[in-house]
Amino acid sequence: VMYKESRPLAPQFIAMLNQAEVIIVPSVAMYEVLKKHGLTVKKYVVQGIWDHLTQKTFVSPTFQRQLHFLGSPERFNFVNHWQSALPLRLYTQKLPRPMCANVLYEGYFEDEVLLAKLAEAGGFGLVWHSDDDLDYMRIYSPYKLGTYLAAGLPIVARRGFAQADLIEKHGLGLVVSSFDELERVLETMTEETYHKMAQCVADYRPFLTQPYHTQQILSQAVACLFS
C-alpha cells in the first residue's frame with residue numbers, strides 16, 4: 001500500500017498479515033492505513049527507526065550549509081527540480097541528466113565507505129519527499145535516516161514525516177516545512193548550535209549501531225503476544 005504501482009497486490013499481503021497475532025509497523029499511521037485496507041490484527045508494535053549496524057567510528061562532522069541525499073531522482077522527483085541555493089550532494093548509482101544547479105553527483109558507495117564520506121563532508125542528512133508523495137512520507141521509516149545518524153550527521157526532515165517527533169524529541173536535527181524555511185534557519189545558525197545537534201546525534205548513535213531497536217521491537221512483540 002506504500003507504492004501506487006503495487007497497491008493491486010495489497011489484498012494478497014493483507015490476507016497474509018491477518019494470519020499473524022502481532023505485527024510490526026513503521027508507524028501508527030501505517031497501521032491505520034492497513035486497517036483501511038482490511039487488516040484485522042489488533043496487536044501491533046511500532047518500529048520507529050531502523051538500526052544501522054557498524055563497529056567503526058568516524059570523524060565528528062563539521063558545520064557545513066549543505067545537504068546529503070541518498071536516493072534516485074527517478075523515485076524522489078524533487079531532486080529533478082532543485083532550486084535551493086543549498087548544495088545537494090546526491091548518492092545514487094545512476095548519474096541524473098540533466099542535473100540542476102547545486103546538485104552534486106557523488107555516486108554510489110559500499111556502506112562503510114559511504115558512512116565515512118558523509119561524516120568527513122559534514123552538513124546534514126536529508127529526508128524529503130515531493131508534494132505528490134506526502135502520504136507516503138507520513139507512514140514509513142526510511143533506512144537512510146539510520147544511515148545519516150550512524151555517520152553522525154544531524155537530520156533535515158520535512159514536517160509531517162513519520163519520524164519527525166523522534167528527531168525533535170532527541171534534538172537530532174531540523175524539521176521544516178520548505179527549503180526556503182531551511183535556508184533562513186541555516187543562514188543564522190552558528191557552529192555552536194550545529195555542534196549541539198551533532199552531539200545529540202553522537203549520544204543517540206550507539207542505539208543504532210548496535211541492534212538495540214531490533215531487540216527492543218522483538219521483545220515488545222513477544223510481550224504483546226502474551227498480553
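- Under the 3.5 Å distance criterion, the side-chain polar atoms of S141 are matched with a main-chain donor or acceptor of G48.
- With respect to D133 and R75, a salt bridge is recorded, a charged nitrogen being found less than 4.0 Å from a carboxylate O.
- Using modelled atom types, no side-chain atom of R159 and backbone atom of S178 make a donor-acceptor pair closer than 3.5 Å.
- Side chain of S27 to backbone of I139: a donor-acceptor contact under 3.5 angstrom is found.
- Hydrophobic cluster membership for I217: I24, V45, L218 (Ile, Leu, Val, Met, Phe, Trp, Tyr linked by side-chain heavy atoms under 4.5 Å, directly or transitively).
- For the atom pair OG1 (T40) and CG (L34), the distance works out to 11.0 Å, reported to the nearest 0.5 Å.
- The main-chain N or O of G122 is found under 3.5 Å from a side-chain atom of Q66 such that the two form a donor-acceptor pair.
- Looking only at side-chain heavy atoms (C-beta outward), R205 and T54 come within less than 4.5 Å of each other.
- Looking at heavy atoms from C-beta onward, T92 lies out of side-chain contact with Y108 at the 4.5 angstrom threshold.
- Taken from CD1 in I14 to NZ in K35, the straight-line distance is 12.5 Å, to the nearest 0.5 Å.
- Residues L126 and H68 have side chains not in contact (no heavy-atom distance under 4.5 Å, counting atoms from C-beta outward).
- Looking only at distances, a side-chain donor or acceptor of K43 sits under 3.5 Å from a matching main-chain atom of C224.
- Taken to the nearest 0.5 Å, the CD atom of E112 stands 5.5 Å off from the CZ atom of F58.
- Every residue two or more places apart in sequence or in another chain that forms a side chain to side chain contact (heavy atoms under 4.5 Å, CB included) with T190 is listed here: E192, T193.
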Let me see the working for V175 and V156 under side-chain contact (heavy atoms from CB on, under 4.5 Å), right down to the final yes or no. CA-CA 6 Å; V175 177; V156 167; over 6 Å; no
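- For the ring pair (Phe, Tyr, Trp, His ring centres under 6.0 Å) test, residues two or more places apart in sequence or in another chain that qualify with Y194 are F63, F124.
- Using a 4.5 Å cut-off on side-chain heavy atoms (C-beta onward), I155 and L149 make contact.
- The side-chain hydrogen bond (donor to acceptor under 3.5 Å, both in side chains) test applied to E74 returns K94, not counting sequence neighbours.
- For the pair N102/L88, no side-chain contact is recorded, criterion being any heavy-atom separation below 4.5 Å from C-beta on.
- L104 and Y148 fall into different hydrophobic clusters, where Ile, Leu, Val, Met, Phe, Trp and Tyr residues are linked whenever their side-chain heavy atoms come under 4.5 Å apart, directly or through other members.
- Linking ILVMFWY side-chain heavy atoms closer than 4.5 Å, directly or via other members, places V33 and V28 in a single hydrophobic cluster.
- Smallest separation of non-hydrogen atoms from G171 and C200: O-CB, 3.3 Å.
- Contact record, L166 with L172: CD2-CD1, 3.6 Å, taken as the closest heavy-atom pair.
- Between the side chain of R138 and the main chain of G160, no donor-acceptor pair closer than 3.5 Å is present.
- The two atoms that bring L115 and A151 nearest to each other are O-CB, 3.6 Å, heavy atoms only.
- In terms of hydrophobic clustering, with Ile, Leu, Val, Met, Phe, Trp and Tyr side chains grouped at heavy-atom distances under 4.5 Å, V103 and L95 are assigned to a common cluster.
- Sorted pairs that involve residues 177-189 and meet salt bridge (Lys or Arg N to Asp or Glu O under 4.0 Å), not counting sequence neighbours, are lacking altogether.
- Using a 4.0 Å cut-off between a side-chain N of Lys or Arg and a carboxylate O of Asp or Glu, R158 and D131 qualify as a salt bridge.
- Remark: the T214 side chain and the D51 side chain contain an N/O donor-acceptor pair separated by less than 3.5 Å.
- The ring pair (Phe, Tyr, Trp, His ring centres under 6.0 Å) check on F179 picks up W82, W128, with sequence neighbours excluded.
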Would L114 and E110 satisfy side-chain contact (heavy atoms from CB on, under 4.5 Å), going step by step from the backbone distance to the final call? CA-CA 6 Å; L114 173 63; E110 294 299 322; over 6 Å; no
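- The side chain to side chain contact (heavy atoms under 4.5 Å, CB included) search around Y143 returns W50, H52, T147, not counting sequence neighbours.
- Other residues sharing the hydrophobic cluster of V22, ordered by chain and number and joined by side-chain separations under 4.5 Å: V222, L225, F226.
- Nearest heavy-atom pair across Y44 and V25 is CD1-CG2, 3.8 Å.
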With side-chain contact (heavy atoms from CB on, under 4.5 Å) as the test, would you mind laying out the steps for L39 and I23 before giving the verdict? CA-CA 10 Å; L39 181 73; I23 63 170; 3.5 Å; yes
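- Side-chain atoms of R89 never come within 3.5 Å of backbone atoms of L67 as a donor-acceptor pair (strictly under, hydrogens ignored).
- Residue F161 holds its CZ atom at 8.5 Å from CE of M137, rounded to the nearest 0.5 Å.
- Through chains of ILVMFWY side-chain contacts below 4.5 Å, L9 is grouped with F13, M16.
- Partners of F69 under the ring pair (Phe, Tyr, Trp, His ring centres under 6.0 Å) rule, at least two apart in sequence or in another chain, are F76, F78.
- Counting heavy atoms from C-beta outward, V46 and P26 have side chains that stay 4.5 Å or more apart.
- To the nearest 0.5 Å, atom CE of residue M197 and atom CD1 of residue I167 are 11.5 Å apart.
- Taking the side chain as every heavy atom from C-beta outward, P211 and L53 approach each other to under 4.5 Å.
- Contact record, L90 with G71: CD1-O, 3.3 Å, taken as the closest heavy-atom pair.
- A202 and P206 make their closest contact through O-CD, 3.3 Å (heavy atoms, listed as atom of the first residue, atom of the second, distance).
- Both L153 and F109 sit in one connected hydrophobic cluster of ILVMFWY residues. Membership requires side-chain heavy atoms under 4.5 Å apart, directly or through other members.
- Remark: K117 NZ to E106 CD distance equals 7.0 Å, nearest 0.5 Å.
- Residues satisfying the side-chain hydrogen bond (donor to acceptor under 3.5 Å, both in side chains) test with Q64, not counting sequence neighbours, are T62.
- Checked by atom type and distance alone, the side chain of Y105 never pairs as donor or acceptor with a backbone atom of M99 at under 3.5 Å.
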Show your working on side chain to side chain donor-acceptor pair (under 3.5 Å) between S130 and N77 and close with a plain yes or no. CA-CA 6 Å; S130 303; N77 194 40; 5.1 Å; no
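- Contact check for V127 versus P142: side-chain heavy atoms found under the 4.5 Å cut-off.
- With sequence neighbours left out, the ring pair (Phe, Tyr, Trp, His ring centres under 6.0 Å) criterion links Y212 to F207.
- Remark: the H129 side chain and the Y136 side chain contain no N/O donor-acceptor pair separated by less than 3.5 Å.
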